[in-house]
Asks: 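Mind having a look at this structure? Questions to follow.
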Amino acid sequence: MKKYCVIGYPIKHSLSPRIFNRAFRRLKIPARYEAVEVAPRDLAKFMRSFREKYAGANVTIPNKEKIIKFLDKLSPEATAVGAVNVIVNRGGKLVGYNTDIFGAMAALKSSIKNLRSKKVVVLGAGGAARAIVHGLKKVGAQVTVLNRTLSHAKKLARDFKLISASRRGFGSLEDFNPAQCDILINATSVGMWPQ
């Protein structure tokens, strides 16, 4: 029986095991899915046995960027974003993908048909924020990243060329101005279960 998991810290709130295990039963797929709490400091230890134990995994907060150094190959999207949320074990070779881009952009486009030139503020500078910023840049949105740690916001803004002679492209959370924003996206852990 193949085993899959979702890794993150914290992870107890995740509904993924219920969702995937129900799907496996309904589709008669001999597989099991579990949630594994992996703090960033324990990621190397966890990944040492991953190839032998798991056929694949989902990756969530705070490991989406940190997981990359343990993988053998990245999809073009994961390379462009610099974050991974899906790992596939292909015969012992671990391949990282980023599907956050497609999910986030599909959700946005279902409500807003034309994102080009929209002023979008993304709160957060982690893996999910990186995926969202990448997708928004591809459709021509004007993106600003705000984060509690200014250096992280600045790094993301530099990585995705949000900084220009005419605009800063990043700031702290205190810099948020609703009048300068068409769309606000929360890509932080604020609001996660149980708070």
Side-chain angles (χ1 to χ4, degrees), residues 1-27 29-75 77-104 107 122-135 145-149 151-153 155-156 159 173 185-195:
M1 175 180 291
K2 288 185 176 180
K3 282 177 61 177
Y4 299 87
C5 66
V6 57
I7 63 170
Y9 185 79
I11 201 64
K12 290 180 175 102
H13 65 281
S14 178
L15 298 176
S16 294
R18 281 195 271 175
I19 293 166
F20 281 98
N21 286 321
R22 180 176 291 158
F24 290 154
R25 282 191 301 276
R26 285 193 179 174
L27 297 171
I29 296 172
R32 194 175 95 230
Y33 190 100
E34 61 190 17
V36 182
E37 191 161 273
V38 181
R41 68 182 175 275
D42 300 324
L43 195 53
K45 180 181 175 188
F46 174 78
M47 290 306 292
R48 279 195 284 275
S49 62
F50 185 90
R51 290 174 209 275
E52 293 76 37
K53 288 177 76 172
Y54 296 102
N58 294 111
V59 183
T60 191
I61 295 171
N63 296 321
K64 290 182 180 188
E65 295 168 82
K66 295 169 182 72
I67 197 75
I68 290 174
K69 66 182 173 187
F70 302 103
L71 306 178
D72 301 306
K73 184 178 177 185
L74 298 178
S75 71
E77 294 82 13
T79 300
V81 170
V84 165
N85 73 320
V86 174
I87 301 169
V88 177
N89 186 343
R90 298 198 187 280
K93 187 174 188 175
L94 302 181
V95 183
Y97 296 88
N98 191 300
T99 61
D100 285 339
I101 304 163
F102 308 111
V122 177
L123 303 179
R130 294 182 70 82
I132 292 164
V133 169
H134 175 74
V145 176
L146 303 180
N147 195 57
R148 70 176 173 222
T149 306
S151 61
H152 294 177
K155 181 183 181 326
L156 197 158
D159 289 350
L173 294 174
I185 298 173
N186 178 16
T188 72
S189 59
V190 172
M192 272 180 54
W193 181 90
Q195 282 84 33

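Keep in mind it's a predicted model, so treat the numbers as computed, not measured.
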Asks: So, taking the atom named OH in Tyr97 and the one named CD1 in Ile87, what distance separates them when rounded to the nearest 0.5 Å?
Replies: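 Reported to 0.5 Å precision, the distance equals 11.5 Å.
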Asks: Output the distance between atom CD1 (Ile29) and atom OH (Tyr4), rounded to the nearest 0.5 Å.
Replies: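 It is 8.0 Å, given to the nearest 0.5 Å.
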Asks: With the side chain counted from C-beta on, respond yes when Pro17 and Glu34 share a heavy-atom pair under 4.5 Å apart, and no when they do not.
Replies: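 They are not in contact (no side-chain heavy atoms under 4.5 Å apart), so the answer is no.
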Asks: For a quick test of reading the model, state the closest non-hydrogen atom pair linking Leu156 to Ala129 and the distance between them.
Replies: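 The pair with the smallest heavy-atom distance is CD1-CB, 4.1 Å.
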Asks: How far does CZ of Arg41 sit from CZ of Phe46, to the nearest 0.5 angstrom?
Replies: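 CZ of Phe46 is found 15.0 Å from CZ of Arg41.
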Asks: When Val133 is tested against each of Ile185, Val122, Ile101, Asp159 for side chain to side chain contact (heavy atoms under 4.5 Å, CB included), which residue passes?
Replies: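 Between Val133 and the candidates, side chain to side chain contact (heavy atoms under 4.5 Å, CB included) is satisfied uniquely by Val122.
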Asks: Are any of the side-chain heavy atoms of Leu94 and Met47 separated by less than 4.5 Å?
Replies: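 Yes, side chains in contact.
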Asks: Only one of Ile68, Thr99, Thr79 forms a side chain to side chain contact (heavy atoms under 4.5 Å, CB included) with Val84, so which one is it?
Replies: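 Output: one option passes, namely Ile68.
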Asks: Are Asn58 and Tyr33 packed together at the side-chain level, in the sense that at least one heavy-atom pair is separated by less than 4.5 angstrom?
Replies: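 Side chain of Asn58 against side chain of Tyr33, heavy atoms only: contact under 4.5 Å found.
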Asks: What are the two closest heavy atoms between Asn147 and Ala153, and how far apart are they?
Replies: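 Scanning both residues completely, I find the closest heavy atoms to be CB-CB, 3.7 Å.
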Asks: Examine Phe70 together with Phe50 and report whether their ring centres are nearer than 6.0 Å.
Replies: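 Centroid distance Phe70-Phe50: not below 6.0 Å, so no.
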Asks: Determine the minimum heavy-atom distance between Ser189 and Ile61, stating which atoms define it.
Replies: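 Taking every non-hydrogen atom into account, CB-CD1, 4.1 Å.
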Asks: Got more than 12 heavy atoms from elsewhere within 6.0 Å of CZ, Phe24?
Replies: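 Result for CZ/Phe24: enclosed.
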Asks: Between Val6 and Ser16, which heavy-atom pair has the shortest distance, and what is it?
Replies: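 Looking at all heavy atoms of both residues, the shortest contact is CG1-CB, 4.2 Å.
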Asks: CD/Glu77 to CG/Asn98 distance, rounded to the nearest 0.5 angstrom?
Replies: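 Spacing of CD (Glu77) from CG (Asn98) equals 8.0 Å.
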Asks: Decide yes or no for Lys64 and Asp100: does some side-chain heavy atom of the first lie under 4.5 Å from some side-chain heavy atom of the second?
Replies: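 Yes. Closest side-chain heavy atoms under 4.5 Å.
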Asks: Between Lys66 and Val38, is any pair of side-chain heavy atoms under 4.5 Å apart?
Replies: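 Result no, sub-4.5 Å side-chain heavy-atom pair not found.
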Asks: Test Thr60 against every option in Ile11, Ile7, Asn85 by the side chain to side chain contact (heavy atoms under 4.5 Å, CB included) rule and name the one that passes.
Replies: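 With Thr60 as partner, Ile11, Ile7, Asn85 yield a single side chain to side chain contact (heavy atoms under 4.5 Å, CB included), made by Ile11.
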Asks: Work out which heavy atom in Val145 is nearest to a heavy atom in Ala125; give both atom names and the distance.
Replies: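 Residues Val145 and Ala125, closest heavy atoms: CG1-CB, 4.4 Å.
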Asks: State, to 0.1 Å, how close Lys3 and Lys53 come at their nearest heavy-atom pair, and which atoms those are.
Replies: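 Reported closest heavy-atom pair: CB-O, 3.5 Å.
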Asks: Between Pro30 and Lys2, is there a side-chain heavy-atom distance shorter than 4.5 Å?
Replies: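 No. Closest side-chain heavy atoms not under 4.5 Å.
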Asks: With a 4.5 Å limit on heavy-atom distance, are the side chains of Tyr54 and Val36 in contact?
Replies: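 Side-chain contact under 4.5 Å: yes.
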Asks: Between Ile67 and Leu43, is any pair of side-chain heavy atoms under 4.5 Å apart?
Replies: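 Yes; the side chains approach each other to less than 4.5 Å.
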Asks: Just wondering, more than 12 heavy atoms not from Lys93 lying within 6.0 Å of its NZ?
Replies: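 Not buried by this count: 12 neighbours or fewer within 6.0 Å.
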Asks: For the atom pair CZ (Arg130) and NE2 (His134), what is the distance rounded to the nearest 0.5 Å?
Replies: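 Interatomic distance, Arg130 CZ to His134 NE2, rounded to 0.5 Å: 10.5 Å.
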